[in-house]
Participant: 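Can you read through this structure? Questions will come right after.
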2 protein chains.
Amino acid sequence: MSGIEPDIEAFRAAALRCPLPEAIELIGEKWAFLILRGALNGLQHFEQFQAGLGIARNILSDRLSKMVDGGILARASDPADGRKKIYSLTDKGEALLPVVVALRQWGEEWCHGPSDIQLADQQTGKPVKTLRLRAEDGRELALSDLMWIDRRTGATLRRHQASDAKL
Amino acid sequence: MSGIEPDIEAFRAAALRCPLPEAIELIGEKWAFLILRGALNGLQHFEQFQAGLGIARNILSDRLSKMVDGGILARASDPADGRKKIYSLTDKGEALLPVVVALRQWGEEWCHGPSDIQLADQQTGKPVKTLRLRAEDGRELALSDLMWIDRRTGATLRRHQASDAKL
DNA sequence: CAGATAGATTTCAATACGCAACTATTCTTT
DNA sequence: AAAGAATAGTTGCGTATTGAAATCTATCTG
C-alpha cells in the first residue's frame with residue numbers, strides 16, 4: 001500500500017545523491033549541447049555561434065550566460081577588438097569532451113551511419129578509439145555487469161534486484 | 001565579403017555531416033535523458049518512471065513515445081498483467097550507456113563532488129574506469145591532440161586552423 | 001460486482017522559444 | 001572627424017511547449 005515500490009524508493013534515494021541531474025541542467029538541452037560542440041570545434045564568438053548553429057540571438061545570449069554561470073565557458077573581452085567577446089572553454093567545459101564524443105560515436109553507429117568526417121589523433125592520423133565502459137582491469141563491461149555500491153554502508157544494488165523483492 | 005568567415009563555413013560544412021544533431025533530437029533533452037537513466041537502472045513501467053522522476057504524466061507519455069519511435073525503448077504488453085506495459089531498452093538504447101556514464105563521471109568530478117553511490121563491476125566490486133578519449137594505441141588524448149579527417153577527400157582540419165587563414 | 005490500478009489523454013494557465021527589429025559600443029573607412 | 005559597418009547583445013510579440021490536475025478506458029483484485 002501507500003504506493004511506492006521498493007525499487008522506486010531505492011532509485012529515488014540514489015537519484016537524490018546522483019550527480020546527473022545537475023549535469024543535465026547545464027548541458028541537457030539541445031542548444032547548450034550544440035554550443036558546447038561548437039566550442040570544442042573552435043568557435044569563440046557570438047556571431048560565430050549564431051551563424052554556425054543557426055540559433056536565435058536571444059536564445060544564444062541566454063545559453064551563453066548560463067554556460068558561463070555554470071563554469072563551462074569563460075567570457076573575456078578581446079584585447080585586440082573591444083567589440084568582440086571571446087567565449088572559451090574552461091577546464092570543466094573541456095572535460096565534457098568524452099560525453100560529446102561518446103554521443104557522436106553512438107549517433108554514428110546507431111543513427112547516422114559512418115560519417116565521412118572522423119575524429120582522429122593528430123599524431124598518427126588514425127581515428128580515435130570507440131569509448132566503452134571498462135572495469136579497472138580493462139575488461140569491457142555491459143549493462144548487466146554493473147552494480148551500485150554505497151561507499152558508506154557497503155550496500156550493493158543490482159539492476160533489477162529490488163523489483164522482485166517485495167521487502 | 002558576404003560575411004561568413006572560413007572557419008564558420010568549415011564548421012557548418014562539418015556540422016551538416018555530423019551525427020550529433022540527430023542524437024541530440026532523441027536524448028538531448030532533460031526528461032528523455034532522465035528516462036534513459038531510469039531505464040538503465042531497471043525502471044520499466046510508466047508509473048515507475050512517473051513516481052521515480054517526478055515527471056508530469058503527459059510529458060512522460062510524450063517522451064516515452066518519442067523514445068520508442070526513436071528506437072531507444074521498446075514498448076510491450078506485460079503478459080502477466082494486461083494493464084501494464086513494459087518499457088525496455090533496445091540494443092540501441094543500451095548502447096547509450098557510455099554517454100550516460102561519461103556525463104555522470106563529469107558531474108561527479110566537476111559539479112557534485114564524489115557521490116557515495118558508485119557504479120562498480122559486479123565481478124570485482126571495484127568502481128568502473130573513468131571514461132577517457134584514447135588513441136588507437138591507448139594513449140590518452142586531449143582536445144588539442146585531435147583533428148578532423150575527411151575520409152573521402154583526405155582533407156584534415158585542426159581546431160583553430162581556419163581562424164588564422166583568412167583565405 | 002465494486003473498487004483499485006495502469007497507462008494514458010485532455011484541459012488550461014504559465015513558461016519558453018524563435019523571429020525580427022532595435023540599441024549600444026567599438027572599430028574602419030574616407 | 002564624420003559616416004558606415006561590425007559585434008554583442010536586448011526588446012516585443014506571436015506561437016509552441018510545459019506542467020499540474022482532472023478525466024478516461026481497460027484490466028485486475030477483493
Participant: In whole Å, I'd like the distance from the CG atom of B:Leu60 to the C1' atom of C:dA8.
Facilitator: 9 Å
Participant: What nitrogen or oxygen pairs link the protein and nucleotides 1-3 of chain D at under 3.5 Å?
Facilitator:
none

Participant: Produce a footprint string for nucleotides 16-30 of chain C: one letter per nucleotide, 5' end first; B if the base is under 4.0 Å from any protein heavy atom, S if only the sugar-phosphate is, - if neither.
Facilitator: -SBB-B---BBS---
Participant: Should A:Leu103 and B:Ile27 count as side-chain neighbours, where that means a heavy-atom distance under 4.5 Å?
Facilitator: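 Contact flag for A:Leu103/B:Ile27 side chains = yes.
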Participant: How about A:Met67 and A:Leu26: do any of their side-chain heavy atoms sit closer than 4.5 Å?
Facilitator: no
Participant: Roughly, in whole Å, what's the span from NZ in B:Lys84 to P in C:dA4?
Facilitator: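 One finds 18 Å between P of C:dA4 and NZ of B:Lys84, rounded.
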Participant: Give the rounded distance in Å between these two atoms: CD of A:Gln48 and P of D:dT7.
Facilitator: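 Result: 9 Å.
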Participant: Going by the rule side-chain contact (heavy atoms from CB on, under 4.5 Å), which residues pair with B:Ala135 if we only count those two or more places apart in sequence or in a different chain?
Facilitator: A:Asp121, B:Asp137, B:Arg139, B:Leu141
Participant: Decide yes or no for A:Leu36 and A:Leu73: does some side-chain heavy atom of the first lie under 4.5 Å from some side-chain heavy atom of the second?
Facilitator: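 No; the side chains remain at least 4.5 Å from each other.
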Participant: Taking only residues at least two apart or on different chains, which pairs with a member in residues 89-102 of chain A satisfy side-chain hydrogen bond (donor to acceptor under 3.5 Å, both in side chains)?
Facilitator: none
Participant: Got B:Asp78 and B:Lys85 here, is their nearest side-chain heavy-atom distance under 4.5 Å?
Facilitator: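 Side-chain contact under 4.5 Å: no.
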Participant: Kindly point out which of D:dA8, C:dG7, C:dA8 is positioned nearest to the side chain of B:Ser61?
Facilitator: C:dA8
Participant: Looking at A:His45, I'd like to know whether one of its side-chain N or O atoms comes within less than 4.0 Å of OP1 or OP2 on D:dA8.
Facilitator: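 Checking D:dA8 against A:His45, a side-chain N or O does come within under 4.0 Å of OP1 or OP2.
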Participant: Distance check needed: D:dA8 P versus A:Gln44 CD, whole Å only.
Facilitator: 11 Å
Participant: In whole angstrom, what separates B:Leu64's CG from C:dT9's C1'?
Facilitator: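 In whole Å, C:dT9 C1' and B:Leu64 CG are 14 Å from each other.
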Participant: Can you check the A:Ile86 CD1 to D:dG9 P distance for me, whole Å?
Facilitator: 12 Å
Participant: Could you go through the salt bridge (Lys or Arg N to Asp or Glu O under 4.0 Å) check for A:Arg104 and B:Glu22 one step at a time?
Facilitator: CA-CA 9 Å; A:Arg104 194 193 136 86; B:Glu22 206 171 331; over 6 Å; no
Participant: Rounding to an integer number of Å, can you tell me how far B:Glu47 CD sits from D:dA26 P?
Facilitator: 17 Å
Participant: Determine: side-chain N/O of A:Tyr87 to OP1/OP2 of D:dG9, distance under 4.0 Å, yes or no.
Facilitator: yes
Participant: Who are the salt bridge (Lys or Arg N to Asp or Glu O under 4.0 Å) partners of A:Lys66, not counting sequence neighbours?
Facilitator: A:Asp62
Participant: Who pairs with B:Glu136 by side-chain contact (heavy atoms from CB on, under 4.5 Å), at least two apart in sequence or on another chain?
Facilitator: A:Lys126
